[in-house]
2 protein chains.
Amino acid sequence: MRRIKPITVGMVEIDLAEHRKRKLNRTQTMLNLLGKTIVSGGYEGVPFPTEEELSKTHGVSRSVTREAVKMLTAKGLVNARTRQGTTVQPPSHWNMFDADVLRWLLDREPSLELLRHFNQLRIAIEPEAAALAAIHHTDAQMLLIEAGLARMADAETGADDPLASDIAFHVSILHATRNPFYEQFEPMVATALRTSIRFTNAIKGHSASLCDHGAVAQAVADRDPAMAREAMRKIIGDVLELIDDGTA
Amino acid sequence: MRRIKPITVGMVEIDLAEHRKRKLNRTQTMLNLLGKTIVSGGYEGVPFPTEEELSKTHGVSRSVTREAVKMLTAKGLVNARTRQGTTVQPPSHWNMFDADVLRWLLDREPSLELLRHFNQLRIAIEPEAAALAAIHHTDAQMLLIEAGLARMADAETGADDPLASDIAFHVSILHATRNPFYEQFEPMVATALRTSIRFTNAIKGHSASLCDHGAVAQAVADRDPAMAREAMRKIIGDVLELIDDGTA
DNA sequence: GATTGCGAATTTGTCATATAATTCATTGAC
DNA sequence: GTCAATGAATTATATGACAAATTCGCAATC
């Protein structure tokens with residue numbers, strides 16, 4: 001009966017291409033669609049559709065709709081109650097560290113405000129992460145950190161991707177803390193760095209940046225927490241300064 | 001045909017009482033059950049059951065099982081693929097800031113190690129949160145902070161619950177940052193505080209603690225970020241010290 | 001013997017329909 | 001006016017069927 005995939009949309013842009021490329025199934029497509037719509041305020045004022053409405057609108061079965069809504073519930077975006085229907089939760093309930101939610105947020109507004117919020121968090125997390133890494137890192141993790149630094153050096157000469165190497169370095173520090181909570185910030189840090197270059201692509205003061213990153217690595221290697229913290233704070237502080245300048 | 005709720009379990013303890021009390025539906029019960037089991041390593045070595053097995057074992061329909069698994073997927077605990085089955089993800093993929101995951105973790109091990117990890121994070125987050133609060137708080141938020149402080153004072157005289165007032169104070173600081181990412185730490189901070197008293201119930205140096213908290217509030221009111229940061233760092237630092245002593 | 005191709009089996013993914021449970025609104029009795 | 005009974009709307013659960021994707025074994029070929 002139904003031969004063509006009836007994946008289509010109401011308000012958000014159609015992501016059929018992305019859908020095909022990533023081989024998303026219908027539940028995942030539905031999840032993305034609803035997530036994006038919620039995050040971009042598509043249901044403010046209007047009540048969230050019932051399961052039946054959603055199913056009809058998007059040409060999928062109720063099972064698909066329900067499972068997508070369940071996932072949204074698990075991420076804190078909505079809350080479903082019998083008879084009352086499904087309601088969108090206020091943003092404070094959203095799981096901001098979820099990779100999907102972050103993606104939807106950026107999709108909505110790669111705004112300076114969001115970038116500032118990211119980096120306000122980074123300046124709390126990463127210096128302390130560097131300090132913890134200085135204390136708790138294993139030899140293998142130290143090698144990874146140095147590898148990240150080497151990649152950044154390569155990026156100087158064009159032999160590697162600057163963004164990827166930057167992410168690799170910061171992520172390696174997070175893991176070296178050996179604290180599972182710090183490791184959770186990987187998607188956020190990666191996202192923040194990716195977003196940064198969109199706004200401040202002029203900041204190719206990479207030579208200075210490379211030097212700063214080297215200082216962090218050295219302090220971690222020396223198992224000097226205070227120094228590591230300071231060095232990392234300088235890196236993030238510089239970024240934050242640039243962003244604040246962008247605003248003012 | 002089926003008259004009695006067939007909610008029962010295999011390896012984890014039966015939470016029928018909790019189930020009734022919180023009026024959990026079957027999907028939520030299933031979610032809790034699977035979540036606890038996964039977090040406590042119940043599926044290490046053995047493959048995760050298929051949908052049909054789970055449904056049979058727990059006497060629920062495949063819908064319920066599937067929706068529970070979907071929620072676990074959304075929280076990063078498992079990954080389902082056609083024909084390959086559902087696999088448990090490594091802990092680094094788990095969404096550690098999810099309230100459910102936190103609860104399951106504590107249910108497994110209210111361990112000193114976990115408590116230390118919590119507070120290693122708090123010492124990054126909360127001092128910076130206090131600094132941000134000093135800059136960005138609104139009048140209403142300042143009132144909430146002072147209310148929290150007042151409750152702590154009441155707790156001194158037994159007029160209020162010490163734990164609840166402590167949580168209220170710290171949470172009010174988080175919200176005063178006006179940064180949605182900081183607000184996400186509410187469940188973690190609350191959990192950390194709740195867990196603390198189990199271990200360090202001797203720390204009823206509340207008079208000292210009250211004084212320290214007052215210093216934070218004052219610095220925030222004065223819009224003095226550096227002072228707020230320092231005062232908060234002292235509070236968490238003291239806790240961390242106690243925990244580390246407990247280990248050594 | 002190694003590789004490629006094909007088909008069967010397995011498991012999640014999707015659909016359709018029916019029924020239960022819960023809650024809100026309305027109506028009616030007192 | 002208050003309270004209980006009734007009904008309606010919506011999610012929750014059950015059931016059975018089929019689709020899609022991936023693995024695995026087997027066979028054919030080189």
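A note on names: the letters A, B, ... follow the listed sequences, proteins ahead of strands, and every chain is numbered from 1.
- The stretch residues 78-91 of chain A comes close to DNA chain C through A:Arg81, A:Thr82, A:Arg83, A:Gln84, each having a heavy atom under 4.0 Å from the strand.
- For the pair B:Ser63 and B:Glu52, both in contact range of DNA chain C, the more 5′-proximal nearest nucleotide belongs to B:Glu52.
- When the C1' atom of D:dA12 is taken as reference, atom CD of B:Gln28 falls 10 Å away, rounded to whole Å.
- Here C:dC15 presents its C1' atom at 17 Å from NE2 of A:His58, a figure rounded to the nearest Å.
- B:Glu51 has its CD atom 11 Å from the P atom of C:dT11, to the nearest Å.
- Counting to the nearest Å, the P atom of D:dA20 and the CG atom of A:Leu24 are 17 Å from each other.
- Look at CE on A:Met30: it is 10 Å from P on C:dC15, rounded to the nearest Å.
- Put simply, CG on B:Asn25 is 14 Å from C1' on D:dT10, counting in whole angstrom units.
- The residue from A:Thr87, A:Asn79, A:Leu54 that alone fulfils the side-chain contact (heavy atoms from CB on, under 4.5 Å) condition with A:Phe48 is A:Leu54.
- In this structure the side chain of B:Leu121 never reaches within 4.5 angstrom of the side chain of B:His117, judged on heavy atoms.
- Summarising the geometry of A:Ala155 relative to A:Ser165, their closest heavy-atom pair is CB-OG, 3.9 Å, with the distance given to 0.1 Å.
- Donor-acceptor pairing under 3.5 Å, judged by distance alone, is present between the side chain of A:Arg62 and the base of D:dA12.
- Looking at heavy atoms from C-beta onward, A:Leu149 lies in side-chain contact with A:Phe169 at the 4.5 angstrom threshold.
- Proximity of A:Thr27 to the phosphate of C:dT14: a side-chain N or O atom is located under 4.0 Å from OP1 or OP2.
- Contacts classified as salt bridge (charged side-chain N to carboxylate O under 4.0 Å, His left out) and involving residues 59-77 of chain B (residues at least two apart or in different chains) are given here: A:Arg66-B:Glu67, A:Glu67-B:Arg66, B:Glu51-B:Arg62, B:Glu51-B:Arg66, B:Lys75-B:Asp98, B:Lys75-B:Asp100.
- Annotation: side chain of A:Met188 is not in contact with side chain of A:Thr191 (no heavy-atom distance under 4.5 Å).
- Across all their heavy atoms, A:Arg151 and A:Ala168 have their closest contact at NH1-CB, 3.8 Å.
- For the segment residues 65-73 of chain B, the set of residues with a heavy atom within less than 4.0 Å of an atom of DNA chain D is empty.
- Across every non-hydrogen atom of B:Gln184 and A:Ser92, the tightest pair is NE2-O, 3.4 Å.
- For D:dT13, the OP1/OP2 oxygens have no side-chain nitrogen or oxygen of B:Ser61 closer than 4.0 Å.
- Here the side chain of A:Ser40 pairs no donor or acceptor atom with the backbone of A:Gly42 at under 3.5 angstrom.
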